[in-house]
2 protein chains.
Amino acid sequence: MDDEIVEPGTGGRRWVTSADVAREAGVSRAAVSRAFTPGASVAPETRRRILAAADAVGYRPNAIARSLNTRRSGIIGVVITEIANPFYARLLEALGIALQERGLMPLVSVAPDPEATDELLVRLLSYQVDGVVVASATLSSGIAARCAAARTPIVLVDRRAGEHGREAALVGADNVGGGHLVADLLAAAGHRRHAFLAGIEATSTSTERERGFVSGLAAHGLTLTAREVGRFSYVGGRDAALRLLGRADRPDAVFCANDEMALGLMDAARATFGLRIPQDLSVVGFDDTPSAALASYRLTTVAQDVTELAEAAVTAVQEHTGSVAASARYRLIPCRLVLRESARLPPPPASTLHDPNAMTTAAVPPSGRMPAAG
Amino acid sequence: MDDEIVEPGTGGRRWVTSADVAREAGVSRAAVSRAFTPGASVAPETRRRILAAADAVGYRPNAIARSLNTRRSGIIGVVITEIANPFYARLLEALGIALQERGLMPLVSVAPDPEATDELLVRLLSYQVDGVVVASATLSSGIAARCAAARTPIVLVDRRAGEHGREAALVGADNVGGGHLVADLLAAAGHRRHAFLAGIEATSTSTERERGFVSGLAAHGLTLTAREVGRFSYVGGRDAALRLLGRADRPDAVFCANDEMALGLMDAARATFGLRIPQDLSVVGFDDTPSAALASYRLTTVAQDVTELAEAAVTAVQEHTGSVAASARYRLIPCRLVLRESARLPPPPASTLHDPNAMTTAAVPPSGRMPAAG
DNA sequence: GTGAAAGCGCTAACAC
DNA sequence: GTGTTAGCGCTTTCAC
């Protein structure tokens with residue numbers, strides 16, 4: 001095993017190449033290539049010798065060069081906004097892990113604003129990504145067509161495709177089912193005046209959660225007493241609380257389209273209206289953000305299984321690699337209820353539904369519906 | 001402008017190549033290349049014609065092929081753990097934006113555990129990344145040497161280099177200075193019995209914050225009354241509170257190495273000991289996590305400027321690209337105090353230091369020290 | 001300012 | 001099984 005092969009003295013950034021290994025092991029460069037290709041036909045002995053030589057000279061195959069002629073880069077583009085939002089942070093982490101398990105790497109694009117998505121997507125495509133996962137942004141027509149032309153599969157997570165984005169696969173949490181769950185819980189607990197706090201009107205997450213909630217209430221012969229918009233933010237929730245809880249027919253239960261608004265609403269309910277939660281008011285959120293578990297809030301909420309969401313997304317990209325994928329395929333991940341103390345519980349008819357220490361969860365089957373276009 | 005050039009009918013994933021554009025524009029492939037290279041010499045008129053042709057056939061340069069002979073991929077590897085931790089989430093977001101602004105893309109590696117870093121780094125290197133930013137993991141000797149051999153600059157964010165990692169550049173928040181700030185605040189507020197709640201002992205973040213705090217107290221003639229370890233977690237903080245606040249000489253001020261522990265401690269202080277904050281106990285955290293701002297906590301804390309941290313990291317990678325970078329360089333980003341209501345304020349000698357609505361901040365100059373090795 | 005030719009490091013046919 | 005020969009799509013001397 002020689003040692004001083006790596007650097008030729010001068011500062012020229014010279015890489016150890018397969019030719020070096022070939023020379024060292026006394027084989028051809030093709031043999032070296034095969035030794036590093038899982039399913040290739042090499043004599044076990046040769047392979048061993050090659051790997052040893054590679055190790056000696058410090059060789060690692062150049063993934064860039066490799067992908068130039070395999071036409072598979074092993075890179076998956078990930079477009080994401082607001083990583084600071086805990087939900088997207090967890091999603092990104094799960095995506096990263098799911099990809100790595102499959103030998104892929106995420107090339108991530110942080111979208112400063114939703115409109116920038118197209119531009120970012122184009123840049124990703126120039127890196128010959130094997131597929132793209134888009135979280136938190138809608139897809140324009142042009143880019144979808146472009147991906148289709150490049151035979152690059154694209155998966156939207158927790159979004160509906162835009163008008164023209166029929167080419168994309170869709171993976172999302174069952175927001176409708178989640179809203180339904182909440183309706184069942186609140187109705188069973190005997191609440192009469194239900195309110196919904198929407199996030200941003202245009203988003204599918206907010207509208208779907210509302211749809212599930214309203215239809216769930218209807219199933220119990222109930223309707224919505226009030227409705228406000230909180231733009232998915234803490235302050236939005238706090239402000240909405242002022243309007244919502246100041247009404248003559250004050251709601252006794254509020255379902256918020258996400259946790260952040262729910263926290264704002266809880267704070268305002270206590271500070272401004274002196275309400276006790278859940279005695280005077282039940283509050284339910286969506287997402288199961290870390291803050292929701294804090295002792296001062298103990299927010300009952302709907303959790304999305306981020307890991308499963310990520311797995312499904314990655315599986316979808318892989319499945320569509322190479323295949324035609326003419327029609328939009330979609331996959332719904334069920335949500336589950338996380339029971340804490342911010343919402344009253346139904347009277348226990350049979351047994352104890354409620355574990356005060358950890359959290360009790362109930363699964364919900366996917367509602368099975370998911371429109372392909374908004 | 002012809003139209004149907006893109007797909008040759010069969011499903012063969014054929015890319016639009018520079019040759020197509022060359023043909024379309026009646027020039028050579030070299031000319032096309034130059035038209036897409038910022039500083040190249042092309043006649044303005046030719047370039048215009050080429051760009052138009054490219055647009056017509058839907059051409060974008062293949063970044064992979066390009067980097068094969070420029071030896072610059074435009075990709076920066078980012079190794080990061082626990083994205084779910086809000087601090088790292090914000091850091092990653094800031095890094096992504098900073099990189100994009102400079103025309104670079106982050107290839108991210110999510111480290112399941114700190115030990116996995118080396119393996120991930122090797123994979124990143126095989127993608128010919130132009131540099132690596134490592135957040136939240138220590139660096140082994142082997143990999144540092146490998147990076148050095150490959151002339152790949154590596155920057156550690158908020159970490160100290162391991163024993164052998166002298167090749168890495170270091171960028172970090174001024175944890176020592178941050179601890180110092182807290183000591184000044186608490187001392188000025190008249191507290192007498194100070195406690196420190198450490199995170200994980202082995203981490204530089206925890207030890208540096210402690211060091212700054214202790215030396216800051218010393219400057220006021222004070223010493224630490226008590227000290228506990230909370231492993232950076234909410235439960236850890238809660239448990240530590242039981243030990244810390246049950247003492248005969250109960251501390252009247254606690255500085256926690258991060259916010260999460262501070263929240264746990266606050267909850268336990270109120271629920272278990274019936275303490276009022278800040279009347280009976282002042283609590284200060286570190287990080288300025290979103291939860292810290294919630295009405296129930298209003299945690300006074302030390303904020304790191306994540307954006308600046310990211311900018312510095314990216315700048316460092318770029319600077320070291322191609323240069324020798326034999327000695328470890330480091331850069332400290334100052335922290336600032338975010339005053340809320342969880343800690344008593346010093347009696348206002350001159351004017352109002354405290355804005356109850358938003359938050360008042362005070363800058364601190366970097367302490368100027370940062371050991372290269374732990 | 002532009003084109004021709006020679007690679008970047010690797011893998012994929014095809015012979016042997 | 002293994003070596004030889006062509007490229008992948010691009011940039012880059014080097015002539016002109």
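Since the structure is predicted, the reported quantities are computational estimates derived from the model, not experimental observations. The figures here come from the full heavy-atom set of this structure, side chains too, leaving out hydrogens, waters and symmetry mates.
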task: Please tell me if the side chains of B:Ile64 and B:Leu68 come closer than 4.5 Å, counting only heavy atoms from C-beta onward.
output: no
- prompt: Does the D:dC10 base have a donor-acceptor partner in the side chain of B:Asn62 within less than 3.5 Å?
  reply: no
field: Length of the CD-C1' vector between B:Gln128 and C:dC8, whole Å
entry: 11 Å
task: Would you mind reading off the distance between A:Asp20 atom CG and C:dG9 atom C1', rounded to a whole angstrom?
output: 11 Å
- request: Answer whether the closest heavy-atom distance between the side chains of B:Val27 and B:Arg49 falls below 4.5 Å.
  value: yes
message: If you only use heavy atoms from C-beta on, which nucleotide in D:dG9, D:dT2, C:dT11 is closest to the side chain of B:Leu68?
response: D:dG9
statement: Between B:Gly172 and B:Asp158, the two heavy atoms sitting closest are CA-OD1, 3.7 Å
query: What do you reckon, are the aromatic ring centroids of A:Tyr127 and B:Tyr127 less than 6.0 Å apart?
result: no
- request: Can you see which heavy atom on A:Ala312 is nearest to which on A:Arg331, and at what distance?
  value: CB-NH1, 3.2 Å
message: Within the 4.0 Å heavy-atom criterion, would you say A:Ala31 contacts the bases, only the backbone, or no part of the nucleic acid?
response: sugar-phosphate
Options C:dT2, D:dG3, C:dG9, nucleotide nearest the side-chain atoms of A:Ser28: D:dG3
- prompt: With a non-hydrogen cut-off below 4.0 angstrom, is B:Ala30 in contact with a base, only sugar-phosphate, or nothing?
  reply: base
A:Arg66 CZ - C:dG9 C1' separation (whole Å): 11 Å
- prompt: What integer distance in Å separates B:Arg23:CZ from C:dG3:C1'?
  reply: 16 Å
- prompt: Hey, is the side chain of A:Arg71 pairing donor to acceptor with the base of D:dG9 inside 3.5 Å?
  reply: no
- prompt: To the nearest angstrom, how far is A:Arg49 atom CZ from D:dG1 atom C1'?
  reply: 12 Å
task: May I have the distance from A:Ile50 (atom CD1) to D:dT2 (atom P), rounded to whole angstrom?
output: 7 Å
query: How long is the line joining CD1 of B:Ile64 and P of C:dT11, in whole Å?
result: 14 Å
query: Can a side chain N or O of A:Tyr127 be found less than 4.0 Å away from OP1 or OP2 on D:dG9?
result: no
query: Among C:dG1, C:dG9, D:dG9, which is the nearest nucleotide to the side chain of B:Ala65?
result: D:dG9
- prompt: Just to confirm, is there a sub-4.0 Å distance from OP1 or OP2 of D:dG9 to any side-chain nitrogen or oxygen of B:Ser18?
  reply: no
- prompt: Would you say B:Thr17 reaches D:dC10's phosphate, i.e. side-chain N/O to OP1/OP2 under 4.0 Å?
  reply: yes
message: Using whole Å, what does the distance between atom P of nucleotide C:dT2 and atom CZ of B:Arg47 come to?
response: 10 Å
- prompt: Between C:dG3, D:dT12, C:dT2, which nucleotide gets closest to the side-chain atoms of B:Thr70?
  reply: D:dT12
task: For A:Val27, report the nucleic acid contact type (base, sugar-phosphate, nothing); a contact means any heavy atom under 4.0 Å.
output: sugar-phosphate
query: Got a donor-acceptor pair under 3.5 Å from the side chain of B:Arg34 to the base of C:dG3?
result: yes
task: Just call it for B:Ser67: base, sugar-phosphate, or nothing, with non-hydrogen atoms closer than 4.0 Å on any strand.
output: nothing
message: Check this one for me: any side-chain N or O of B:Ser41 less than 4.0 Å away from OP1 or OP2 of C:dT2?
response: no
statement: Assert: residue with more 5' nearest nucleotide on DNA chain C, out of A:Tyr59 and B:Arg29, is B:Arg29
message: I want to check something: taking the side chain as every heavy atom from C-beta on, are B:Val317 and B:Asp130 in contact at a cut-off of under 4.5 Å?
response: no
